[in-house]
Engineer: 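Got a structure here, written out as structure tokens. Questions coming.
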Amino acid sequence: MAVERTLSIIKPDAVAKNVIGEIISRFEKAGLKVVEARMQQLSQAEAEGFYAVHKERPFFNDLVKFMISGPVFIQVLEGENAIAKNRELMGATDPKKADAGTIRADFADSIDANAVHGSDAADTAANEIAYFFKK
Ligand code: RTP
Ligand code: MG
């Protein structure tokens with residue numbers, strides 16, 4: 001297993017619930033390290049660009065509207081197998097299907113307001129990190 005970096009976003013619903021710390025604590029306890037981070041209010045263009053891969057999907061407009069509904073906490077997590085580990089900690093996209101003890105099972109209200117984003121593969125992780133943390 002290799003040390004990887006992945007992009008994590010704590011979405012507006014979880015920021016509004018005041019659980020940024022609890023969510024970061026789960027990453028840290030699982031051995032992931034926060035190596036970059038900031039709070040940000042996304043613009044419509046930033047949210048559309050970030051989720052551009054979904055732009056033909058029926059949920060795209062709602063997804064963008066939700067992602068700009070309040071500030072988000074954007075971070076880069078680093079550690080062994082970070083991409084898959086983060087997805088495991090997050091749980092399934094739909095919190096009703098997420099395993100008990102996952103972030104989405106514990107903090108998400110719906111498939112739209114689902115608390116966190118995590119990169120899903122090595123190439124998307126690299127692209128998403130570059131999107132928000134340009135060197
Ligand atoms: P994310 O990108 O936010 O980490 O979520 P994900 O990989 O688990 O799910 P993805 O398929 O990439 O979808 C991105 C976000 O779009 C919303 N969605 N709604 N109504 C629907 O069928 C539906 N499907 C996806 C979710 O909020 C999901 O997080
Ligand atoms: Mg995704």
Engineer: Mind listing the closest non-hydrogen atom pair of A105 and G101 along with its distance?
Structural biologist: CB-N, 4.3 Å
Engineer: At what distance, to the nearest 0.5 angstrom, does NZ of K65 lie from CZ of F59?
Structural biologist: 15.0 Å
Engineer: Let me check something: do I24 and L7 share a hydrophobic cluster, defined by ILVMFWY side-chain heavy atoms less than 4.5 Å apart, either directly or through other members?
Structural biologist: no
Engineer: Check for a donor-acceptor pair, side chain of N114 on one end and backbone N or O of A108 on the other, with a separation under 3.5 Å.
Structural biologist: no
Engineer: Can you tell me how far CZ of F60 sits from NE2 of H54, rounded to the nearest 0.5 angstrom?
Structural biologist: 9.0 Å
Engineer: Could you check if a side-chain atom of Q41 sits within less than 4.5 angstrom of a side-chain atom of I68, using non-hydrogen atoms only?
Structural biologist: yes
Engineer: Is there a donor-acceptor contact under 3.5 Å from the side chain of E22 to the main chain of V19?
Structural biologist: no
Engineer: What's the spacing between I74 CD1 and E36 CD if we round to 0.5 Å?
Structural biologist: 11.0 Å
Engineer: Short question: side chain of R87, backbone of G118 - any donor-acceptor pair under 3.5 Å?
Structural biologist: yes
Engineer: What are the two closest non-hydrogen atoms of A92 and A98, and how far apart are they?
Structural biologist: N-CB, 3.6 Å
Engineer: Is there a side-chain contact between K85 and F27 (heavy atoms, below 4.5 Å)?
Structural biologist: no
Engineer: So which of F66, F73, Y131, F50 actually passes ring pair (Phe, Tyr, Trp, His ring centres under 6.0 Å) with H117?
Structural biologist: F50
Engineer: State, to 0.1 Å, how close I9 and M67 come at their nearest heavy-atom pair, and which atoms those are.
Structural biologist: CG2-CE, 4.2 Å
Engineer: What pair of heavy atoms forms the shortest contact from S8 to L77, and how long is it?
Structural biologist: CB-CD1, 3.8 Å
Engineer: Does any non-hydrogen side-chain atom of Q75 lie less than 4.5 Å from one of L32?
Structural biologist: no
Engineer: Say whether, by atom type as modelled, one donor and one acceptor occur between the side chain of E4 and the main chain of A82 under 3.5 angstrom.
Structural biologist: yes
Engineer: Considering only heavy atoms from C-beta outward, does the side chain of I20 approach that of M39 to under 4.5 Å?
Structural biologist: yes
Engineer: Are K29 and S25 close enough that a side-chain donor and a side-chain acceptor fall under 3.5 Å?
Structural biologist: yes
Engineer: I'd like to know if V72 and V76 are part of one continuous hydrophobic network [Ile/Leu/Val/Met/Phe/Trp/Tyr, side-chain heavy atoms within less than 4.5 Å].
Structural biologist: yes
Engineer: Quick one: CG on D94 to CG on D112, what's the gap to the nearest 0.5 Å?
Structural biologist: 9.5 Å
Engineer: For the atom pair CZ (R26) and CZ (F107), what is the distance rounded to the nearest 0.5 Å?
Structural biologist: 4.5 Å
Engineer: Would you say R104's side chain and A115's backbone share a donor-acceptor pair under 3.5 angstrom?
Structural biologist: no
Engineer: Taking all atoms of both residues into account, what is the closest heavy-atom pair of I83 and S119, and its distance?
Structural biologist: CG2-O, 3.6 Å
Engineer: Membership question, hydrophobic clusters at under 4.5 Å side-chain separation (ILVMFWY): are I103 and V34 in the same one?
Structural biologist: yes
Engineer: For a quick test of reading the model, state the closest non-hydrogen atom pair linking A14 to I10 and the distance between them.
Structural biologist: CB-CG2, 3.6 Å
Engineer: Calculate, to the nearest 0.5 Å, the distance between atoms CD1 and CG belonging to I23 and D106 respectively.
Structural biologist: 9.5 Å
Engineer: Determine, for F132 and R38, whether the Lys NZ or Arg CZ falls below 6.0 Å from the six-membered ring centre while staying within 45 degrees of the axis.
Structural biologist: no
